[in-house]
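Heads up, the thing below is written out as structure tokens.
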Amino acid sequence: MIPLNDRFEPRSTGAWIYNPATGERIAEILEHDPRTVPLMVQEARKAQAEWEKIPYKDKKRLAYEASRWIATHADILAGSIARCTGKTRTEALATEVLPAGIAFRYYSERIPHVVRPKHLKSSSFLFYNKKSIQYRVPCGVVGIISPWNYPFGIPVHEVAASLLAGNGVVLKVATQCQPVGELIQQLIREAGFPKDLFHLVHLKGTEVGHAFLDGGIDKLFFTGSTETGRVLMQEAGKRLIPVSLELGGNDAMIVLSDAPLERAAAGAVWAGVSNCGQSCGGVERIYVERPVYDTFLSLLRQEVRQIRQGPDSFDVDIGSLTTEEQRRKVMSQVEEALSHGARLLETSPSPLTPPLAPTVNQTPLFYPVQVIEIDDDTGSLMQEETFGPVLAVSVVDTEEEAIQRANNTSYGLTASVWSLSKDRAAQVASRLQAGVITINDHLMSHGMPETPWGGFKQSGIGRTHGDPLIEEVTQVKVVVWEKLPRMKRNIYWPPIDSTVYEGLMGALVLAAGKGIRRRLEGVRKLLRLLIKRVRYF
Ligand code: NAI
Ligand code: MG
């Protein structure tokens with residue numbers, strides 16, 4: 001038994017979280033007893049039962065409070081995100097804090113439209129006596145497991161939509177980003193959401209899956225690697241718990257011969273290397289039509305030569321990688337490509353690191369931006385997700401080749417087309433196999449709460465953001481009313497005889513059959529049944 005007072009208090013593990021861009025210690029790693037999860041779910045479920053009944057206008061008021069809290073605490077949030085991830089404060093503000101501030105308000109405006117009861121139009125005159133109303137109701141308690149690359153931007157959408165749609169939430173953030181998780185908890189509390197409706201739990205990655213799935217959650221959101229997503233889905237399947245998985249990508253950018261080249265080169269750098277390339281929807285593979293290849297490449301190289309990398313400050317463009325495993329993985333993908341004939345064309349200048357302070361405990365995890373020219377798509381750099389600032393560029397002879405190669409991956413999260421011709425861009429976009437296509441931009445739609453986010457193929461199941469997210473955190477309930485409740489029986493209820501069979505056959509032919517003669521025959525059979533059962537009316 002866990003002592004009552006310690007139930008929801010995490011303990012210190014004695015291990016530390018380090019700022020990956022400076023090596024400085026930032027916080028002690030906390031851990032809950034995994035047995036607290038069922039208790040948290042129970043508490044959340046109790047609170048949820050009350051929360052669900054609260055008038056929507058009051059829920060909306062809290063959403064506005066939450067947005068205001070984010071705006072007021074933006075600098076603290078951006079600073080904490082930067083320290084945990086190694087990205088810059090400006091990146092944290094642009095890609096996480098600002099979109100999250102918009103998200104609370106957005107979902108509070110949008111939810112009533114999506115969950116509004118719908119009167120369903122009858123499919124056939126045969127159901128003249130039915131009235132059907134479709135509702136969307138909360139799932140119950142939603143479990144959210146979020147990653148370290150966007151520790152605020154990713155979970156806040158799911159938390160906001162879940163709570164505002166009437167659910168309770170248990171959130172686990174990546175261990176590396178626990179301080180950001182604590183700020184999310186503070187945000188929810190100080191915005192005024194009911195006590196116990198939201199719980200933050202600190203667990204090891206290896207423990208959270210079972211703790212959540214056996215702890216009583218009704219729905220699971222996971223963002224992370226395809227491997228872990230696959231394991232979680234199998235485990236959830238055994239318990240029939242619905243999951244929504246956002247599992248990363250291997251995004252292609254197609255630069256057509258009529259592309260705005262300067263914008264394309266700058267956009268490739270922004271979407272490919274911001275967050276030091278650790279974005280699920282970041283640019284990874286660039287396919288460029290031959291007539292503009294040389295010009296594009298020289299613009300891209302020029303952009304990369306100007307990148308300033310370093311620990312968080314307003315004078316650098318990008319920060320460091322977040323974990324040592326990422327650095328090893330990116331390095332090995334690059335080495336493999338280079339040993340198979342790919343060519344390293346450009347590397348960004350060395351990071352602007354100040355002299356290491358005496359408090360530094362770990363080497364900073366900088367990795368330079370690299371432009372790599374590559375001809376074939378078979379190696380791990382082109383086939384796997386590359387969570388680092390590596391831009392792989394390849395020349396293509398036709399639009400067709402660009403489409404084929406862009407689609408030649410097991411992922412399908414996002415892709416982009418760069419062209420000044422609307423028709424060409426639309427045509428190419430329609431053939432790309434990805435959940436999000438941007439034209440003359442890339443990645444940024446994650447910052448727009450109205451655009452669904454999620455992918456085809458191994459990039460995941462379900463969607464976050466937009467109306468689909470609201471649908472994911474609610475479930476359909478339909479209420480079918482009988483309009484003639486005084487009718488003693490339906491005509492096809494027992495006792496059964498051959499007129500019932502014939503009559504139903506007649507109804508089917510009348511409703512769906514071909515030819516006036518057969519349909520009239522259908523009317524005759526149906527009428528026979530109705531006359532025989534007239535006493536039921
Ligand atoms: P991972 O899938 O192991 O970890 C992601 C998060 O899931 C962790 O922060 C942790 O909170 C949680 N986790 C870890 N193991 C778990 C388990 N067994 N059950 C439940 N939750 C678990 O990914 P990792 O090792 O951090 O990164 C590997 C690769 O995954 C990256 O190189 C990248 O390609 C991809 N990735 C994609 C992300 C995205 O935004 N879609 C985010 C993070 C990683
Ligand atoms: Mg890749």
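Counting convention: from 1, in listed order, for ligands and their atoms alike. Predicted model only: the values in this text are computed from it and were never measured. Heavy-atom basis, side chains included; hydrogens, waters and symmetry copies ignored.
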Verify whether one side chain among [X] and [Y] offers a donor that lies under 3.5 Å from an acceptor in the other.
X: Tyr150; Y: Ser279; value: yes
X: Glu336; Y: Ser380; value: yes
X: Glu400; Y: Thr398; value: no

How would you list all residue pairs meeting salt bridge (Lys or Arg N to Asp or Glu O under 4.0 Å) that involve residues 206-217, not counting sequence neighbours? Asp214-Arg239

Listed as residue and atom, the protein N/O/S atoms under 2.8 Å from the Mg ion (ligand 2) are Glu284 OE1, Leu381 O, Glu384 O, Thr386 OG1

Taking all non-hydrogen atoms of both residues, which atom of Cys84 and which atom of Gln176 are closest, and how far apart? O-NE2, 2.7 Å

Just to verify, which of His202, Glu31, His32 counts as forming a side-chain hydrogen bond (donor to acceptor under 3.5 Å, both in side chains) with Arg11? Glu31

Give every pair formed by an N or O atom of ligand 1 and a protein N or O atom closer than 3.5 Å, one pair per line with both atom names and the distance to 0.1 Å, or write none.
unit_1   : atom_1 : unit_2 : atom_2 : d
ligand 1 : 2 (O)  : Ser225 : N      : 2.8
ligand 1 : 2 (O)  : Ser225 : OG     : 2.7
ligand 1 : 2 (O)  : Thr228 : OG1    : 3.1
ligand 1 : 3 (O)  : Thr228 : OG1    : 3.4
ligand 1 : 18 (N) : Gly205 : O      : 3.4
ligand 1 : 19 (N) : Gly205 : O      : 3.2
ligand 1 : 26 (O) : Trp148 : NE1    : 2.7
ligand 1 : 27 (O) : Gln326 : NE2    : 3.4
ligand 1 : 32 (O) : Gln326 : OE1    : 2.9
ligand 1 : 32 (O) : Gln326 : NE2    : 3.2
ligand 1 : 32 (O) : Lys329 : NZ     : 2.9
ligand 1 : 34 (O) : Glu385 : OE1    : 2.7
ligand 1 : 40 (O) : Asn149 : ND2    : 3.1
ligand 1 : 41 (N) : Gly248 : N      : 3.1

Taking the ring of Phe387 and the ring of Trp148, is the distance between their centroids below 6.0 Å? yes

List the atom pairs, with distances to 0.1 Å, where a side-chain N or O of residues 268-278 and a protein N or O form a donor-acceptor pair under 3.5 Å, not counting sequence neighbours.
unit_1 : atom_1 : unit_2 : atom_2 : d
Ser274 : OG     : Trp270 : O      : 3.0
Asn275 : OD1    : Lys87  : NZ     : 3.4
Asn275 : ND2    : Asn149 : O      : 3.0
Asn275 : ND2    : Gln278 : O      : 3.1
Gln278 : OE1    : Thr322 : N      : 3.0
Gln278 : NE2    : Asn275 : O      : 3.1
Gln278 : NE2    : Thr322 : OG1    : 3.2

Given side chains that start at C-beta, do those of Cys177 and Thr85 come closer than 4.5 Å, heavy atoms only? yes

